[in-house]
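As structure tokens, the structure follows; a few thoughts come after it.
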Amino acid sequence: MTLCVFTLIATEFMPVSLLSPLSQDLRISEGLAGQGIAISGALAVITSLSITRLAGHLDRRILLLALTLLLALSGLIVALASDYLTYMAGRALTGVVIGGFWSMSAAVAIRLVPAEQVSRALAIFNGGNALATVIAAPLSSYLGAVIGWRGAVFSLMPVALIALLWQAVALPSMPVDRAQPRSRSPLQQLRSPQVISGLTACGLLFMGQFTLFTYLRPFLETVTQVEVSTLSLVLLTLGVAGFAGTVIVGSVLQRGFYLTLTMIPLVMAGVAMLLILSGHHLWQVTPLLAIWGLVATAAPAGWWAWVARAFPDNAEAGGGLMVAIVQLSIAAGSMLGGLAFDHAGWQITFVLSATLLIAAAGMVTITARQARRI
């Protein structure tokens, strides 16, 4: 499952570092090429809200294998695309896999490990996310220069096929109990105040994160004034710290679940404000970004563990809601950050990020109180 997560995240974001050669080859603008990211996000939202109903009583092992095969197919379509429409079709299939896979991740973890190990299992899943964050962008950029953007995209196909074969051997059958009523629609789960406050907290966290993170590179280039080689080193430091965060977050969550979920956005908000004060000094910016990576990359593991707690009997529907909220929040945060960055300056962008993150911490506190009442 972790290998599949790595392949999925690498596939999702690989076009970011390949936009220039991709757009030149397909004879489209970089903006149009970038819409391949947008369409995968849109299809992820749609799939996450509908896959539980569409899958019905299908064995979840078979569904996971089908999604992994579809992931390999989507990469092949993109790598062989001769026109823009084919490229977008491949990216749309990637979005279907994103929505389907992440929607089921918490439910699968619940079925694979004992209840007390679910947080750790989800942290291991997200280790694939962190690893992809560390190496996907620099590796795809390097491979794009050596073997072309098509070769870089195609290079993920063997990894997807290995993940498919590994899952086929390792995953047990996970049939759906036909005696149980079919899962409710994800939107029907919004009747619970705890669910509403928890999803709001999660949404605010991802909005705050991507309000800042999306514009981290122009901040480093224009404010900190780093060169390209130094920029890569700073981003690598952030990614390595993030990987470390996913390794330890499972144990930390077991010791203080809601305290950890509260502290993550507060620490990120503190980093955002400190970056305003020290943004011109590389020796201060680098450790601050390492702290950001440590907690921000670990945050998804915490919120997927929350899904397992909040939806113990309907984790697939809860996962569908979570994917939809995360994808929409990432888009909203990037848009808000972009408007602020262009029209008000980078300092206001960072203040906006910190404000959203503090609000997220407040909503986590409300969620924790509601959870204690149940």
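Owing to the predicted nature of the structure, the values given are computational and were not obtained by experimental measurement.
For Phe219, the ring pair (Phe, Tyr, Trp, His ring centres under 6.0 Å) test picks out Trp346, Phe350, with sequence neighbours left out. Judged as a side-chain hydrogen bond (donor to acceptor under 3.5 Å, both in side chains), and not counting sequence neighbours, the contacts of Thr94 are Ser74. Looking at residues two or more places apart in sequence or on another chain, you find a ring pair (Phe, Tyr, Trp, His ring centres under 6.0 Å) between Trp303 and Trp306. Every residue was checked against the salt bridge (charged side-chain N to carboxylate O under 4.0 Å, His left out) condition with Arg309, not counting sequence neighbours, and none meets it. With sequence neighbours left out, the side-chain hydrogen bond (donor to acceptor under 3.5 Å, both in side chains) criterion links Ser82 to no other residue.
Residues in residues 146-159 take part in these salt bridge (Lys or Arg N to Asp or Glu O under 4.0 Å) pairs, two or more places apart or across chains: Asp25-Arg150. Identified under the side chain to side chain donor-acceptor pair (under 3.5 Å) test for residues 348-358, with sequence neighbours left out: none. Pairs engaging residues 322-344 under the side chain to side chain donor-acceptor pair (under 3.5 Å) rule: Thr214-Ser334 [sequence neighbours left out].
A donor-acceptor contact shorter than 3.5 Å is absent between the side chain of Arg91 and the backbone of Ser40. Not a single donor-acceptor pair under 3.5 Å links the side chain of Thr47 to the backbone N or O of Ala44. Although no hydrogens or angles enter the test, the distance criterion places no donor-acceptor pair under 3.5 Å between the side chain of Thr86 and the main chain of Ala81. At least one donor-acceptor pair under 3.5 Å links the side chain of Asp59 to the backbone N or O of Met174. Side-chain atoms of Thr286 never come within 3.5 Å of backbone atoms of Val234 as a donor-acceptor pair (strictly under, hydrogens ignored).
Side-chain atoms of Thr68 and Gln167 include a donor-acceptor pair closer than 3.5 Å. Checked by atom type, the side-chain pair Gln370/Ser197 shows a donor-acceptor distance below 3.5 Å.
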key: Test log, rule side chain to side chain contact (heavy atoms under 4.5 Å, CB included), inputs Leu26 and Asp83   = CA-CA 6 Å; Leu26 296 181; Asp83 53 56; 5.8 Å; no
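To the nearest 0.5 Å, atoms OG1 (Thr211) and CD (Gln209) are separated by 9.5 Å. In this structure, CG on Leu93 lies 12.0 Å from CE on Met88, to the nearest 0.5 angstrom. Rounded to the nearest 0.5 angstrom, Ile330 CD1 and Phe206 CZ are separated by 6.0 Å. Once rounded to the nearest 0.5 Å, the distance linking CG of Leu357 with CG of Leu205 reads 6.0 Å. Annotation: the span from Glu221 atom CD to Glu227 atom CD amounts to 11.0 Å, rounded to 0.5 Å.
Contact annotation: the side chain of Val118 approaches that of Val113 to within less than 4.5 Å [non-hydrogen atoms, C-beta and beyond]. Within the 4.5 Å cutoff, the side chain of Gln284 has no heavy atoms near those of the Leu277 side chain. Side chains of Leu220 and Val285 form a contact here, defined as non-hydrogen atoms less than 4.5 Å apart. Under the 4.5 Å side-chain criterion, counting only non-hydrogen atoms from C-beta, Met363 is in contact with Ile366. Contact of the Val78 side chain with the Trp149 side chain is registered, since non-hydrogen atoms from C-beta on lie closer than 4.5 Å. Leu321 places a side-chain heavy atom less than 4.5 Å from the side chain of Leu199. Taking 4.5 Å as the limit, some side-chain heavy atom of Trp292 sits within range of a side-chain heavy atom of Leu212. Using a 4.5 Å heavy-atom threshold, the side chains of Leu289 and Leu216 count as touching.
Between Thr7 and Thr11 the shortest heavy-atom distance is O-OG1, 2.7 Å. Residue Leu356 comes nearest to Gly208 through the heavy atom pair CB-CA, 3.7 Å, listed as atom of the first residue, atom of the second, then distance. Of all heavy-atom pairs spanning Ala269 and Ile358, the tightest one is CB-CG1, 3.8 Å. Looking at every heavy atom in both residues, Thr297 comes nearest to Gly293 through OG1-O, 2.9 Å. Closest heavy-atom contact between Pro300 and Ala296: CD-O, 3.4 Å. Leu288 and Val271 make their closest contact through O-CG1, 3.5 Å (heavy atoms, listed as atom of the first residue, atom of the second, distance).
Residues Leu67 and Leu73 share a single hydrophobic cluster, defined by chaining ILVMFWY side chains whose heavy atoms lie under 4.5 Å apart. One hydrophobic cluster, built from ILVMFWY side chains closer than 4.5 Å, holds both Val97 and Ile62. Residues Met207 and Met322 are members of separate hydrophobic clusters, defined by side-chain heavy-atom contacts under 4.5 angstrom among Ile, Leu, Val, Met, Phe, Trp and Tyr. In the hydrophobic cluster analysis, where Ile, Leu, Val, Met, Phe, Trp and Tyr join through side-chain heavy atoms closer than 4.5 angstrom, Val267 is grouped together with Phe257. Taking hydrophobic clusters as Ile, Leu, Val, Met, Phe, Trp and Tyr residues chained together by side-chain heavy-atom distances below 4.5 Å, Leu58 shares a cluster with Val96.
Membership of an apolar cluster is not assigned to Ile46, as no side-chain contact below 4.5 Å to another ILVMFWY residue is traced.
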Can you list, pair by pair, the side-chain donor-acceptor contacts under 3.5 Å of residues 242-256, counting residues two or more places apart and other chains?
| unit_1 | atom_1 | unit_2 | atom_2 | d |
| --- | --- | --- | --- | --- |
| Thr246 | OG1 | Phe243 | O | 2.7 |
| Ser251 | OG | Arg120 | NH2 | 3.2 |
| Gln254 | NE2 | Glu116 | O | 2.7 |

Show me, pair by pair, the donor-acceptor contacts under 3.5 angstrom made by side chains of residues 151-166, not counting sequence neighbours?
| unit_1 | atom_1 | unit_2 | atom_2 | d |
| --- | --- | --- | --- | --- |
| Ser155 | OG | Ala152 | O | 2.5 |

Distance-only donor-acceptor pairs under 3.5 Å for side chains of residues 98-110, two or more places apart:
| unit_1 | atom_1 | unit_2 | atom_2 | d |
| --- | --- | --- | --- | --- |
| Ser103 | OG | Gly99 | O | 2.5 |
| Ser105 | OG | Trp102 | O | 2.9 |

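Ring-plane geometry between Tyr87 and Tyr84 is classed as tilted, the angle between the planes lying from 30 to 60 degrees on a 0 to 90 degree scale.
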